[in-house]
Amino acid sequence: DLVLTNNSDALDGDVSANTVITDSFPAGTTYVPGSLTIDGKAISDTDPRVTFTGSTLTLRVGTGANATSGGTLGLGASVRIGYQLTVDSGVAGGTRLLNDFTGTGEGATSGVKVEGKSNEAVIEVQASTAGLTIDKRAIDQEPSISGATFIAGKTAQYTIQVANSGPGTAEDVVVNDTVPAGFENP
C-alpha cells in the first residue's frame, strides 16, 4: 500500500489541491489488472482519475479529483492506495526490486507547489526452484504373491513418473535409471 498524508509543514497549514500520486513500477514487474484500490475500495483501471503510461501509474486523488486534476486533501488527511504487481518469470532470485512514489500538490490558498517522495519499499526476489519428485514402481508379474514379484526369463516392467510441484519451472530434466544386478538390458 502507498499512503500519502498532507503534512501541514510542507504547505504551511494550507489544504493540498490538485493532489496527484505517480508511481513507476520497478523493472521486472507487471501490474495485475483490476487490483487497484483507494482507501480499501476497488477502483477500475479505466476510472477517469487513473492513467497508465507504460509502467507508470498516475492517480489523481482527494475530494473532487477527476480526469484532468487531483482533488483536495485536508490537513492531516491521508489517502491509501493499493495494487498488486507480479514479479516477471525472468527475474533472478536475489534481485532487489525498489519502489517508491511521488506525491504532488499545491496549497489551495497559497498556490505553493509541493512534491514529496515516499520511503523506498524493497522486495527481495526469492529463487523460484522446481520441486521434482520421481516415483518408480515395479509392475508385479505374480499378483498372488505379496510384494513385487518377477519370474526368471520373463520381461520385468517398471513405470517411472516425474512430477514438478513447483513453484519454478524444471528445465533440461534428465532421468537416469540403472538396471539392477541380475537383470539383462535388452
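Between the CG atom in D14 and the CG atom in L75 there is a gap of 7.5 Å [rounded to 0.5 Å]. Expressed to the nearest 0.5 Å, how far CD1 of I21 lies from CG of L57 amounts to 8.5 Å.
With sequence neighbours excluded, the residues satisfying side-chain contact (heavy atoms from CB on, under 4.5 Å) with T159 are R137, I139. Under the rule for a side-chain contact (heavy atoms from CB on, under 4.5 Å), the partners of I123 that lie at least two apart in sequence or sit in another chain are L97. For T63, the side-chain hydrogen bond (donor to acceptor under 3.5 Å, both in side chains) test picks out no residue, with sequence neighbours left out. Evaluation of the side-chain contact (heavy atoms from CB on, under 4.5 Å) rule for A170 yields A130, L132, N164, V173 as partners, not counting sequence neighbours.
Among residues at least two apart or in separate chains, salt bridge (charged side-chain N to carboxylate O under 4.0 Å, His left out) pairs with a member in residues 117-128 are D100-K117. Residue pairs that meet the salt bridge (charged side-chain N to carboxylate O under 4.0 Å, His left out) test with at least one member in residues 172-181, sequence neighbours left out, are K136-D177. Contacts classified as side-chain hydrogen bond (donor to acceptor under 3.5 Å, both in side chains) and involving residues 46-58 (residues at least two apart or in different chains) are given here: S24-T56, S44-T46, D47-R49, T51-R60. Listed by first and then second residue, the side-chain hydrogen bond (donor to acceptor under 3.5 Å, both in side chains) pairs involving residues 84-95 are T30-D88 (not counting sequence neighbours). Residue pairs meeting the ring-ring contact (aromatic ring centres under 6.0 Å, His included) criterion with at least one member in residues 18-38, sequence neighbours excluded, are F25-Y31, F25-Y83, Y31-F52.
Not one N or O on the side chain of D39 forms a donor-acceptor pair closer than 3.5 Å with the backbone of V79.
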V15 and T109: side chain to side chain contact (heavy atoms under 4.5 Å, CB included), yes or no, with the steps? CA-CA 7 Å; V15 171; T109 305; over 6 Å; no

Show your reasoning for whether side chain to side chain contact (heavy atoms under 4.5 Å, CB included) applies to D23 and I81. CA-CA 11 Å; D23 188 16; I81 309 303; over 6 Å; no

With side chain to side chain contact (heavy atoms under 4.5 Å, CB included) as the criterion, how do T72 and T19 come out once you've worked through the C-alpha distance, each side chain's angles and the decisive distance to 0.1 Å? CA-CA 6 Å; T72 59; T19 311; 5.8 Å; no

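Residue-environment remark: CG (N119) stays at or below the threshold of 12 foreign heavy atoms within 6.0 Å.
Pairing each heavy atom of V175 with each of V162, the nearest pair is CG2-CG2, 3.5 Å. The shortest non-hydrogen separation linking S16 to G105 is OG-CA, 3.9 Å.
T29 places none of its side-chain heavy atoms less than 4.5 Å from the side chain of N99.
Cluster membership check: V125 does not share its hydrophobic cluster with L85, using side-chain heavy-atom separations under 4.5 Å among Ile, Leu, Val, Met, Phe, Trp and Tyr.
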